Amino acid sequence: MTVWRTSDLMSAIPRITIAEAGRHAGETVELAGWLYNLRKSGKIIFPQVRDGSGIMQCVCVKAQVDEALFETLKNLTQESSLLIRGSIRAEPRAPGGYELDVTGAEVVQRVPEERPYPITPKEHGTEFLFDHRHLHLRSRRQHAILRVRHEVIKAIRDYFDSNGFTLVDCPIFTPAACEGTTTLFEVDYFEDEKVFLTQSGQLYNEATAMAFGKTYCFGPTFRAEKSKTRRHLTEFWMVEPEMAYATLDDVKRVSEELICFLVSRVLENRQAELTVLERDIAKLEAVKAPFPRISYDEAVETLRKKGSEIEWGGDFGGTDETLLSEDYDRPVMVDRFPSQIKAFYFEPDPERPELALGVDVIASEGYGEIVGGGQRIYSLELLEQRLREHNLPAEAFEWYLDLRRFGGVPHAGFGMGVERAVAWLCGLDHIRETIAFPRMLYRTRP
RNA sequence: UCCUCAGUAGCUCAAUGGUAGAGCAUUCGGCUGUUAACCGAAGGGUUGUAGGUUCGAGUCCUACCUGAGGAGCCA
């Protein structure tokens with residue numbers, strides 16, 4: 001086995017990534033990667049090499065190369081790391097359309113056969129795969145999903161950055177519940193102090209929006225709910241924009257525009273990944289503004305006709321969301337929920353004060369709520385009253401009340417769960433694949 | 001927290017209460033266009049744990065552990 005120094009890994013042959021191989025047809029190049037799979041047929045072998053940008057099928061014919069090289073490659077083990085050199089050639093028989101005729105290779109680390117790479121090319125169960133998540137990420141499907149996630153995150157930032165929003169991130173340690181609606185993770189914070197992991201940056205966003213006009217925060221959030229479903233993680237990423245001098249209608253317009261932008265960017269830049277995932281592209285192409293807008297009242301009526309047992313005043317269950325979404329080929333917006341099922345800070349509907357000026361965006365194809373938001377209370381007196389009604393400690397919210405004492409204005413915002421959006425865009429049946437290392441009720445490793 | 005289902009070779013799964021099996025992976029052999037390559041051979045087991053029923057338990061019973069799906073809660 002060769003011991004490598006950085007200088008050993010350099011050679012005179014230009015190193016390229018597999019993604020750019022098409023531009024180097026006819027040239028001799030070097031790839032730096034890992035052995036993804038190896039097919040042998042006597043005196044001809046087909047090593048498939050991946051480098052993170054793609055997978056390249058290589059060809060090595062015994063009669064045409066040095067015998068030691070042929071034997072080295074022929075006996076190489078799955079996921080061994082290697083540098084491989086050769087000339088690129090267009091080849092319709094190869095997956096990817098190009099092939100590399102091997103002229104040389106250097107093994108960087110050979111996976112020993114006594115302890116072979118655990119994830120074989122056959123099927124595995126979820127427990128095994130997520131126990132080996134650090135290796136699972138190398139597989140084609142997981143690679144495709146995380147590249148879509150990257151595209152989504154980049155598109156989110158591009159959208160807000162080019163529409164006048166300033167990124168102002170919010171703290172992860174928070175002194176109290178933001179909304180008082182969910183269970184939080186408690187953390188020891190030096191002497192005797194308890195803090196919680198944030199469930200939302202929203203209250204802080206309201207402060208930053210009063211300073212910058214339009215802001216967003218984008219980071220991990222935490223829910224200690226013991227939810228055990230395909231739609232839940234205990235740690236997930238959420239983007240939360242907040243706008244001063246804005247209303248419920250602005251929330252609908254911006255969230256609709258954002259979702260359409262995400263869909264178009266993924267269709268534009270991640271077509272290959274969607275193909276790997278066997279995503280029905282037509283379903284994404286149908287996602288165009290305007291999204292249907294219905295009221296909570298209408299939604300309850302529709303659900304009851306469809307056989308749901310929901311009562312007016314109750315919140316939607318997972319099956320209710322699926323029932324609602326099946327009538328549309330694009331996300332549907334449901335607004336004006338009963339205040340009693342919403343957080344304390346929602347502005348009441350002036351025409352029907354028992355309703356909150358909030359909206360949920362429910363993704364198509366049964367993927368559930370991906371956006372929730374609305375208009376915030378800006379009257380100091382009403383906010384104080386709501387805090388009392390929800391038994392929230394006033395002193396912890398003094399700074400929040402200040403936002404109504406010193407130039408309070410109508411303002412609005414929303415939150416979008418990144419993993420749910422990615423699961424929908426990729427057409428996945430479980431949210432756990434949308435994040436590199438999922439944290440769930442019964443999984444904190446690796 | 002509740003309901004349902006599952007735990008057998010490294011992995012995915014078989015096995016009427018009666019000798020523990022296959023495919024993949026690994027090793028050896030064969031094959032010049034493979035597409036989860038294929039063909040032949042070999043090695044590989046405390047059947048999740050602890051009890052119980054039985055002449056005999058992977059299989060039946062009890063408890064526990066672990067996981068999956070769903071409910072509630074939520075994005």
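So that the names make sense, note that chain A is the first sequence line, chain B the second, and so on, each numbered from 1. Remember, predicted model here, so these are calculated numbers, not experimental data.
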query: Strictly by modelled atom types, are A/Asn269 and A/Glu151 linked by a side-chain donor-acceptor pair under 3.5 Å?
result: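 Yes - a donor-acceptor pair under 3.5 Å links their side chains.
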Margin query: Whether the A/Tyr345 and A/Gln202 side chains hold a donor-acceptor pair (N or O, under 3.5 Å, no angle test) is what I'd like checked.
Written below: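 Short answer, yes.
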Candidates [options] - which lies nearest the side chain of [X]:
X: A/Arg231; options: B/U12, B/C74, B/G72; result: B/C74
X: A/Glu127; options: B/G67, B/U1, B/G10; result: B/G67
X: A/His124; options: B/G69, B/U12, B/A36; result: B/U12
X: A/Ile44; options: B/U66, B/C73, B/G33; result: B/G33
X: A/Thr126; options: B/U27, B/U32, B/A68; result: B/A68

inquiry  = Here's one to test your reading of the geometry: is the NZ or CZ of A/Arg432 within 45 degrees of the ring axis of A/Phe130 and under 6.0 Å from its centre?
reply    =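 A/Arg432 over A/Phe130 ring: yes.
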- Item | pair A/Leu167-A/Phe160: side-chain heavy atoms closer than 4.5 Å |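 Answer no - side chains too far apart.
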Tell me, with the steps shown, if A/Thr208 and A/Glu242 meet side-chain hydrogen bond (donor to acceptor under 3.5 Å, both in side chains).
-> CA-CA 8 Å; A/Thr208 64; A/Glu242 191 72 26; over 6 Å; no
I need the single residue from A/Asp360, A/Asp315, A/Asp349 that forms a salt bridge (Lys or Arg N to Asp or Glu O under 4.0 Å) with A/Lys342. Which is it?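 Single pass found, and it is A/Asp360.
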Using atom [atom1] in both nucleotides, what's the gap between [N] and [M] to the nearest angstrom?
N: B/G58; M: B/G17; atom1: C1'; result: 11 Å
N: B/A15; M: B/U59; atom1: P; result: 14 Å
N: B/A57; M: B/A20; atom1: C1'; result: 13 Å

Output yes when a side-chain donor or acceptor of A/Arg279 lies under 3.5 Å from a complementary backbone atom of A/Leu425, and no otherwise.
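Confirmed, A/Arg279 side chain pairs with A/Leu425 backbone.
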- Message: Between A/Arg140 and A/Leu277 (side chain of the first, backbone of the second, donor and acceptor by atom type, cut-off under 3.5 Å), is there such a pair?
- Response: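 The answer is no, because no donor-acceptor pair under 3.5 Å joins these two groups.
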Inset, instruction - Would you mind telling me which residue lines up with the more 5' stretch of RNA chain B, A/Pro118 or A/Asp101, judged by nearest nucleotide? - result: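 It is A/Pro118 whose nearest nucleotide is closer to the 5' end.
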**Report entry** Of A/Asp429 and A/Lys62, the one whose closest RNA chain B nucleotide lies more 5'
**Finding:**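 Final value for this comparison: A/Lys62.
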Is there a donor on the side chain of [X] or the base of [N] sitting less than 3.5 Å from an acceptor on the other?
X: A/His232; N: B/C74; answer: yes
X: A/Ser227; N: B/C73; answer: yes
X: A/Gln57; N: B/U34; answer: yes

Tabulate protein N/O versus nucleotide N/O from nucleotides 29-31 of chain B, keeping only pairs under 3.5 Å, one per line.
unit_1	atom_1	unit_2	atom_2	d
B/C31	N3	A/Gly42	N	3.1
B/C31	N4	A/Gly42	N	3.4

- Looking at A/Arg89, does any N or O in its side chain come under 4.0 Å of the phosphate oxygens OP1/OP2 on B/G33?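 Answer is no, no contact under 4.0 Å.
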I'd like a table of atom pairs between the protein and nucleotides 20-25 of chain B - only N or O on both sides, under 3.5 Å - with the distance next to each one.
none

With respect to A/Phe337, which candidate in A/Phe346, A/Phe316, A/Trp312 satisfies the ring-ring contact (aromatic ring centres under 6.0 Å, His included) definition?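 Of the listed residues A/Phe346, A/Phe316, A/Trp312, the ring-ring contact (aromatic ring centres under 6.0 Å, His included) partner of A/Phe337 is A/Phe316.
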